[in-house]
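In what follows, a single structure is set out as structure tokens and then discussed.
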Amino acid sequence: MNRPWLVGLGLVGTLIATVGAAVSVGSSAVGWADVYHVVLHQTLSIGPDPSPTARRIVWQLRLPRAVLACIVGGGLSIIGVAMQTLVRNPLAEPYILGISSGASAGASLFYLGFLPPLLSKTLSMPLAAFLGGLASITIVYLVARDGPRVSVARLLLAGVAMSALMASITSFITYSSPEPDKLRAVLFWLLGSLNGARWGILPIPALTTALGVGTLLALARPLDAMLVGEEPAQSLGMPVETIKRGLIVLAALVTGTLVAVSGAIGFVGLIVPHAVRLLVGVPHRRLVPLSFAVGAIFLCGADLAARTVLPAQEVPVGVLTALCGVPFFLFLLRRRAYRFG
Amino acid sequence: MRLSPAFFAAALVVAGLVGCSADQDAAPAQLTDDLGRSVQVERPVERVVSLAPNLTELAFASGAGSTLVAVTSSDDYPPAVDSLDHVSALPVDFEALTAQKPDLVLATDQINPPGDTDTFDALDLPVYFFSFSSLGDVFDAIETMGTLLNTEAAARDSAQALRRRAEALRTQTADIPQSERPRVLVLIGDETLYSFGRDSYIHTLVEMAGGRSITDSLDAQAPTLTEEFVLTEKPDVIVGAWGPDYDPDRLQSLHPTWDIVPALQNNRVYSLPDDLLLRPGPRLVEGAWRMAAHLHPDRIDASSARPTVADSASAPSAP
């Protein structure tokens with residue numbers, strides 16, 4: 001069947017167009033021709049020397065930010081896929097299950113100097129975020145587990161409760177810290193923002209997200225089987241318990257790394273996998289890579305809107321994703337007959 | 001000109017004599033504050049609580065510092081505030097405030113929510129709201145304080161001295177041609193680029209100091225600038241409210257793309273004590289002088305930027 005390939009090609013084209021738009025539009029007017037010159041000059045070293053201002057704006061401010069948006073959007077989306085398969089419910093997502101807020105709490109604890117830097121600073125903050133997210137999702141999962149099954153009501157309630165608890169920890173430590181920029185810090189961790197992206201901070205989130213995509217692709221068949229049910233999967237000889245634990249750690253790892261660079265951006269991982277399932281169905285070997293692409297497009301576009309919707313000002317991108325995501329979430333809650341297959 | 005403490009003492013004695021001789025001063029005064037509310041002030045006003053650091057400085061400048069019994073927990077100037085009680089202003093700690101039994105509470109709509117007036121009324125606490133939208137409002141507020149707190153003569157002199165000092169700076173920078181006025185960006189934050197937009201008094205200070213503010217036409221009143229904005233606007237000078245110990249290299253390391261901005265290329269990033277720029281109080285004039293000394297070191301002597309007016313703000317106001 002050709003449909004998934006067509007969809008995939010279309011998505012790659014859209015992704016390139018979105019990134020192109022993201023580097024061409026911003027708070028200051030840089031002409032399309034200048035953008036074109038900069039990209040040509042930086043990638044292929046041909047064409048005239050672009051003006052230093054345009055080069056900095058396009059190559060050092062906008063492009064790393066667009067790439068970060070793609071990594072974060074794609075990474076959160078595939079973790080959404082993993083979480084939804086893990087609990088066999090369409091409402092699961094790193095933000096809703098409290099992983100993001102746990103990671104925010106861990107990262108802000110480190111950011112404000114309440115945790116000692118164990119390794120270098122670039123590694124310690126993602127590590128703190130990972131541990132925070134892991135603690136949060138472990139508690140949520142243990143509370144929600146009811147024998148072999150996961151109770152959806154308990155899962156959502158525990159997720160909401162842990163989110164609130166972790167958010168209040170973040171608010172408290174930022175509020176009580178002596179740092180003068182604390183208001184900014186709390187907004188960053190609670191709402192999410194891609195401000196401050198530069199090439200130097202990209203490798204770690206890129207690597208962990210690649211690891212996430214790779215792992216989920218390698219597990220595509222077991223994941224498909226788990227969607228049908230854990231007993232059938234077990235009867236096929238798959239180590240279901242190990243896979244479940246692995247998925248939780250992976251979710252905490254990827255989410256933690258992404259939250260450390262972008263704050264808690266919600267609802268991307270909820271919307272995107274659903275949209276992709278509508279397009280190409282449920283098999284994970286298609287769902288995972290296409291979710292990554294759609295998530296990248298979605299967040300890159302949302303960030304473009306966040307940068308341009310108010311003149312000379314920036315809206316935290318998490319505000320926009322929540323604006324799109326919450327109605328969608330409520331809709332899914334009402335639509336009980338929703339099925340994966 | 002320098003106002004000696006003795007002058008203040010004399011002015012206070014005169015004001016006191018006048019106050020005693022006139023009976024109607026003992027009667028409650030009906031005043032209208034900057035929110036348009038009618039405020040009844042019982043005379044004499046002996047216990048005053050200030051709910052904003054700039055109001056505290058203005059009260060001292062108006063010669064009525066001795067009537068203050070409590071200030072906010074953020075107050076740090078003049079040094080005399082250290083011996084006063086401190087109450088929380090954000091949000092207002094109404095319990096602690098009531099316990100101070102104030103005759104008058106000073107508030108400003110920049111810090112204290114005007115919606116709180118209902119609570120003040122319910123607690124029967126007379127509160128006077130100030131509002132500052134221009135440098136002139138700051139000078140006027142000193143005189144208003146004088147009226148409120150019965151130190152009119154001292155307050156008028158203090159306000160006049162500040163106006164003269166502001167005028168002296170304007171005179172010095174007036175003949176600087178437009179081409180020699182640097183394009184100035186004033187920043188509040190160094191990582192997140194909080195700045196001043198349209199209608200801010202900060203543009204008056206920059207103008208007085210002989211510069212041109214590049215954010216004076218931004219729509220938002222408290223904009224958060226983007227790095228792109230700074231790259232395209234290319235300010236000649238960046239003035240930050242980051243305190244006297246700020247290392248300009250930090251700005252470069254936070255914003256590596258700014259290496260082509262003239263202010264950073266020419267080492268023209270200056271940091272002033274935040275109070276001199278951010279508190280709409282008597283020390284704004286000193287802030288303008290110190291900014292001028294940075295913008296035009298060849299014209300404005302740094303020592304003349306060390307003001308006499310700051311003394312008047314901290315002058316002992318009690319005889």
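Sequence lines set the chain letters: A, B, ... in the order given, protein chains first and strands last, and positions in each chain run from 1.
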| message | To the nearest 0.5 Å, what is the distance between CD1 on A:Ile57 and CZ on B:Phe229? | response | 11.5 Å
| For the atom pair CG (A:Asn195) and OG1 (B:Thr192), what is the distance rounded to the nearest 0.5 Å? | 7.0 Å
| request: Inspect the surroundings of OH in B:Tyr246 and state if more than 12 heavy atoms from other residues, nucleotides or ligands are less than 6.0 Å away. | output: yes
Residue pair [X] / [Y], side-chain heavy-atom distance below 4.5 Å:
{"X": "B:Pro256", "Y": "A:Gln60", "value": "no"}
{"X": "A:Thr53", "Y": "B:Lys234", "value": "yes"}
{"X": "B:His255", "Y": "A:Arg56", "value": "no"}

| task | Please state whether the side chain, the backbone, both or neither of A:Arg62 comes within less than 4.5 Å of a heavy atom of chain B. | result | side chain
| Most heavy-atom pairs under 4.5 angstrom with chain A, which of B:Leu231, B:Thr232, B:Leu254, B:Ile260? | B:Ile260
